[in-house]
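Below is one structure, written out as structure tokens; the observations come after it.
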Protein chains: 2
Amino acid sequence: MKSTIPDDGVPIGQTAGNGSDRPEASLHGEILLRLRDYVVEGNIPEGARVPERQLCEMLGISRTPLREALKVLAAEGLIELLPNRGARVRQLSQRDLAELFDVMAGLESLAGRLACEAITDDEIADIERLHYEMYGHYLHRDMHGYFLANQRIHEAIVDAARNETLKTAYTNFAGRIRRVRYSANFARKRQRWGEAMREHEAILDALRRRAASELSDILFQHLRNKRTAAIEHLTEAPEGAPASPEG
Amino acid sequence: MKSTIPDDGVPIGQTAGNGSDRPEASLHGEILLRLRDYVVEGNIPEGARVPERQLCEMLGISRTPLREALKVLAAEGLIELLPNRGARVRQLSQRDLAELFDVMAGLESLAGRLACEAITDDEIADIERLHYEMYGHYLHRDMHGYFLANQRIHEAIVDAARNETLKTAYTNFAGRIRRVRYSANFARKRQRWGEAMREHEAILDALRRRAASELSDILFQHLRNKRTAAIEHLTEAPEGAPASPEG
DNA sequence: ATGACAAAAAATGAATGCAAAATAGTTGGC
DNA sequence: GCCAACTATTTTGCATTCATTTTTTGTCAT
């Protein structure tokens, strides 16, 4: 059965939709990137089993590099590896979600604190522009645009912290809750939107004054509120959630 | 100097000094734990190349599970994998160190904030006991005891945050700077010791009052001061530098 | 008909084998 | 005598193969 995978099947460079713009030499690295995206984007239902063989055929590689990639994804917290029972997409309990949001809040809070030490006026101006852009989306009730602008603002703050280690960790955690995060934003009632806008104004204000502790507080609270909204949302519509809390 | 290392060398179960108390079924998991400890404890000089073959013989396993473990350690940031050029123990630049300390500061700061929401009086009492124990070590100039008590206090705060995700991340980052962290504590001049004690008192005070934002600030500043001390220390005595490659 | 047991099938974990790349060692040219 | 190019050895990356473990399926007994 094995050799039925001809070379012409799916050569490595194919990277469907991925674009070959990412500089990754080794096969396992390539696989890692593709698999991570594949999982993060939600192509596999939560808790679903991920058969190695099937993925191998899909990616056109042997099991060795795939298993290496799986180990890394497990270390990142995206999937879990049950001994002798294969890989499953990690299912986030409500508790897990709450924890992740809090950690994200802590990281952004830290980013804000550090940003106050290093941010330039130009960077603040950039964030202001994003803020007004977001405000425009808010007025037009453009949910998607608002979401993107919002994300870019938070990214800009993390960038301004000038801490690659922080940014890497932030990106990692963000990946874990990406799906939920997005759908959680849809959960925003009008009222919460308004609150969020006011919070963002406060963020900008503190940033302009380089008030580190204050900004840290505001950012944490801002993310905390998002967390609440997200969890309420999932409680109401437990789409991918495990109905029975396991702990 | 070919391999010529007979099979009778070191069977897997040997786990010298490790003790088999850790519940890890799979071989690669066992390997991962042992390798991580091995690296964290500084058995391999920074920046040194780590040939797979050699590690395999040392651990008595084949390359496959070892390579899986290496990939995970690379994802954790302990080592780095150069394409086609093997694994090296990651060498932390001063910048990396500064970044890591800041992230640790952010995580502890977050831990303190969260702890204020959930900590019990008993837990605070525990921390108080640790504090007085630490004070005793301080008075007796017992550096090692002080270091351990100090570490336990910070751990207790992280535990009190009741956030497993945070704890995992904290442990991971702590592992990356463990060596430096320890030697950095030796760097403490008398004066810094006194300061640290006062900071710890402030931490306890804020914790008793459940003053989340305040505690968050104090913890961040406390770690920031440690960071400064550590980096100054390394600047004066760059011990871990790659004086002589392993050849 | 249902449950338990057993054998077959499939999947996972680890080892080995092979091709390509890198490093070391050597030779040849200037 | 020194540097460059070429060859040999080592090392890495991936595929394949082997050995367990799990899961499924089929049979039998109650």
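Nothing here was measured: the structure is a model prediction, and the numbers come from that model. Numbered from 1 within each chain, the chains take letters A, B, ... in sequence-line order.
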For this session: Could you tell me the separation between the NZ atom of K71(B) and the P atom of dA14(C), rounded to a whole number of Å?
Result: 15 Å

For this session: Could you check which of dG13(D), dA15(C), dT23(C) has an atom nearest any side-chain atom of N84(B)?
Result: dG13(D)

Problem set entry | Nucleotide of dT12(C), dT23(C), dA15(C) approaching R53(A) most closely (side-chain heavy atoms) | dT12(C)

Problem set entry | Separation of atom CG in L59(B) from atom P in dG13(C), rounded to whole Å | 19 Å

For this session: List in chain and number order the residues that pass side chain to side chain contact (heavy atoms under 4.5 Å, CB included) with E155(B), two or more places apart in sequence or in another chain; answer none if no residue qualifies.
Result: Q151(B)

For this session: Provide, to the nearest angstrom, the distance between the CD1 atom belonging to I31(B) and the C1' atom belonging to dA15(C).
Result: 13 Å

Problem set entry | Value in whole Å for how far the P atom of dG13(C) lies from CD of E30(B) | 16 Å

Problem set entry | Euclidean distance, atom CG of residue L82(B) to atom P of dT11(D) [Å, nearest integer] | 16 Å

Exercise. Would R63(B) and E52(B) pass as an ion pair if we require N to O under 4.0 Å?
Worked result: yes

Exercise. How many Å lie between CZ on R85(B) and C1' on dA24(C), as a whole number?
Worked result: 15 Å

Seminar exercise, completed: Of E68(B), R67(B), K71(B), the one forming a side chain to side chain contact (heavy atoms under 4.5 Å, CB included) with K71(A) is E68(B)

Problem set entry | Interface residues of residues 63-70 of chain A with DNA chain C (non-hydrogen, below 4.0 angstrom) | R63(A), R67(A)

Exercise. Got a salt bridge between R176(A) and D96(A), using NZ or NE/NH1/NH2 to carboxylate O under 4.0 Å?
Worked result: no

Exercise. Just how far, in rounded Å, is C1' of dT16(D) from CD1 of I61(A)?
Worked result: 14 Å

Problem set entry | Length of the CD-C1' vector between Q54(B) and dT11(D), whole Å | 12 Å

Exercise. Below 4.0 angstrom, N of the basic side chain to O of the carboxylate: do R95(B) and E99(B) qualify?
Worked result: yes

Problem set entry | Test side chain to side chain contact (heavy atoms under 4.5 Å, CB included) applied to N43(A) - qualifying residues, sequence neighbours left out | Y38(A), E41(A)

